Amino acid sequence: MSQLPRGILEAHDFNLALTLECGQVFGWHKYDDFYFGIIGDLAVELEQQASRIRFSGESGLEASDVRHYLGLDDDLGAILASVAVDPFMERVLTSVKGLRLLKQEPWHCLCSYLLSSSNRVERIDKTVKEIARRWGRRHGIDGHDVYSLPEPADLAACGESGMRSCGAGFRAPYLVQAAQMVADGALDFDLVRSLPYEEAKSILMTVKGVGDKIADCVLLFAFSRYEAFPVDVWIKKAIEQVYFGSKKVNNKEIRRFAREHFGPYAGYAQEYIYHYIRTYGPEVAA
DNA sequence: TCTCAGGCACTAT
DNA sequence: ATAGTGCCTGAG
């Protein structure tokens, strides 16, 4: 019986709690100061101690997997410097520290965001966990149970009723259809990964239930396409207030503005702005 | 009881 | 192109 993988990662400019709880990812469990979740298809337990991350995981987990998932390989300083293009962003970057974009597993990310439409963060999280608990695979880590989402073919087999019973509501058929597409190859994540942003996005949008916003979320959070700038009602309000004098602007124009104004890491700017307004309220944008 | 939430698809203009 | 409306669900 070999010792399970464990180790310590140096993690500067990193806030684990903020990164896991800012709303970019769903399905992590918190007990005391420990976080339990899935990286790749392996259960892991994480804890931050100052600028170090302690991890332990199921057999097969490597330190480099954890580093990569948490975004610790990214040069956060350079990224944030590139989006510090105006006084508002400087204010945002002064108040939000150590938030990094994760490298989520595409299927997990797609499921999560299919559930996000007209839904609250807490309930998305609850539904993701319920689907995993009821239909997914159980993993054990340090005496805790963690569940990964069912593979696409397995989720498809659960059917619409199986998803509704977990609280998916009107999004249930979207999940089932997406699962079928991934299972039979009609949606190929490797292809999405290989294509330029616009083409990758239009492929994701062939899935029912995936529009501009959700496609951008998946591209940003699972494929590290930092030019993606998801526009939800909060971001829309903030951008209108700060950059358009509270004038109404359509989402397409907001995305175009963001790409030009923030540059290739616009998506990082989005996540920082999002957290800022969710913390301090949308009115502080002005 | 009723409204509404981190959208989307469908339909009618 | 663009606007209006229904959709599960449960917390306030």
Side-chain angles (χ1 to χ4, degrees), chain A residues 18-28 92 96 99 101-102 104 108-131 133-135 155 158-181 186-187 201-222 225 228-242 247-256 258 266-285:
Chain A
L18 176 57
T19 296
L20 294 183
E21 295 183 39
C22 69
Q24 66 174 310
V25 68
F26 302 95
W28 283 86
V92 169
V96 183
L99 172 57
L101 292 182
L102 299 169
Q104 293 185 44
H108 177 98
C109 188
L110 177 61
C111 287
S112 301
Y113 282 93
L114 276 171
L115 291 166
S116 73
S117 86
S118 193
N119 209 348
R120 299 161 195 272
V121 174
E122 313 77 55
R123 204 154 69 84
I124 300 167
D125 189 59
K126 186 179 169 189
T127 306
V128 168
K129 285 170 175 164
E130 184 63 8
I131 293 171
R133 190 185 67 78
R134 289 200 38 194
W135 308 109
L155 192 151
C158 298
E160 216 178 291
S161 59
M163 293 302 106
R164 280 182 185 271
S165 69
C166 296
F170 66 86
R171 310 158 195 88
Y174 300 157
L175 286 170
V176 173
Q177 194 223 7
Q180 283 164 346
M181 288 177 70
L187 176 59
K201 182 167 174 177
S202 48
I203 287 189
L204 287 171
M205 288 175 66
T206 62
V207 180
K208 263 192 184 170
V210 177
D212 274 304
K213 193 271 182 179
I214 291 176
D216 276 331
C217 285
V218 174
L219 287 169
L220 183 59
F221 300 134
R225 294 298 175 85
F229 192 88
V231 179
D232 57 53
V233 293
W234 292 78
I235 285 292
K236 183 181 172 65
K237 198 174 298 181
I239 297 290
E240 285 173 347
Q241 275 185 23
V242 176
K247 183 165 66 81
K248 290 289 170 201
V249 181
N250 68 37
N251 291 3
K252 192 172 179 181
E253 187 165 348
I254 289 184
R255 284 192 296 274
R256 189 179 58 73
Y268 246 100
Q270 190 270 8
E271 206 54 18
Y272 272 72
I273 296 169
Y274 180 75
H275 185 260
Y276 182 80
I277 58 183
R278 292 302 298 248
T279 304
Y280 301 107
E283 67 283 354
V284 301

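Just so it is clear: chains get the letters A, B, ... in the order the sequence lines come, proteins before strands, and each one is counted from 1. Because the structure is a prediction, the values reported are computed rather than measured.
Residues A:Leu155 and A:Gln180 have side chains not in contact (no heavy-atom distance under 4.5 Å, counting atoms from C-beta outward). The shortest distance between side-chain heavy atoms of A:Phe26 and A:Val121 falls below 4.5 Å.
A distance below 6.0 Å separates the ring centres of A:Tyr276 and A:Tyr280.
The shortest heavy-atom contact between A:Glu240 and A:Ile254 is CG-CD1, 4.4 Å.
Checked against ring pair (Phe, Tyr, Trp, His ring centres under 6.0 Å), A:Phe170 has no partners two or more places apart in sequence or in another chain. Not counting sequence neighbours, A:Tyr174 has no partner by the ring pair (Phe, Tyr, Trp, His ring centres under 6.0 Å) test. Taking the side-chain hydrogen bond (donor to acceptor under 3.5 Å, both in side chains) definition, one finds that A:Gln24 meets it with nothing, sequence neighbours left out.
Comparing B:dC10 with C:dC8, their P atoms are spaced 13 Å from each other, to the whole Å. Distance check on atom C1': C:dT2 versus B:dG6 gives 23 Å, rounded to whole Å.
The pair A:Asp125-A:Lys129 meets the salt-bridge criterion, since a charged nitrogen lies less than 4.0 angstrom from a carboxylate oxygen.
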Assign a letter to each nucleotide of nucleotides 5-13 of chain B from its 5' end: B, base within under 4.0 Å of a protein heavy atom; S, sugar-phosphate only; -, no contact. BBBSSS---
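Side-chain contact check for A:Thr127 and A:Arg171: no donor-acceptor pair (N or O, by modelled atom type) lies under 3.5 Å.
With a cutoff of under 4.0 Å to any heavy atom of chain A, the contacted region of DNA chain C is bounded 5' to 3' by C:dC7 to C:dG10.
Each of A:Arg225, A:Lys201, A:Lys252 was scored for a salt bridge (charged side-chain N to carboxylate O under 4.0 Å, His left out) with A:Asp216, with one residue passing: A:Lys201.
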Dot-bracket for DNA chain C: what is it, with Watson-Crick or G-U pairs under 3.5 Å, [ ] where a pair crosses earlier ones, and | for a pair to another strand? |||||||.||||
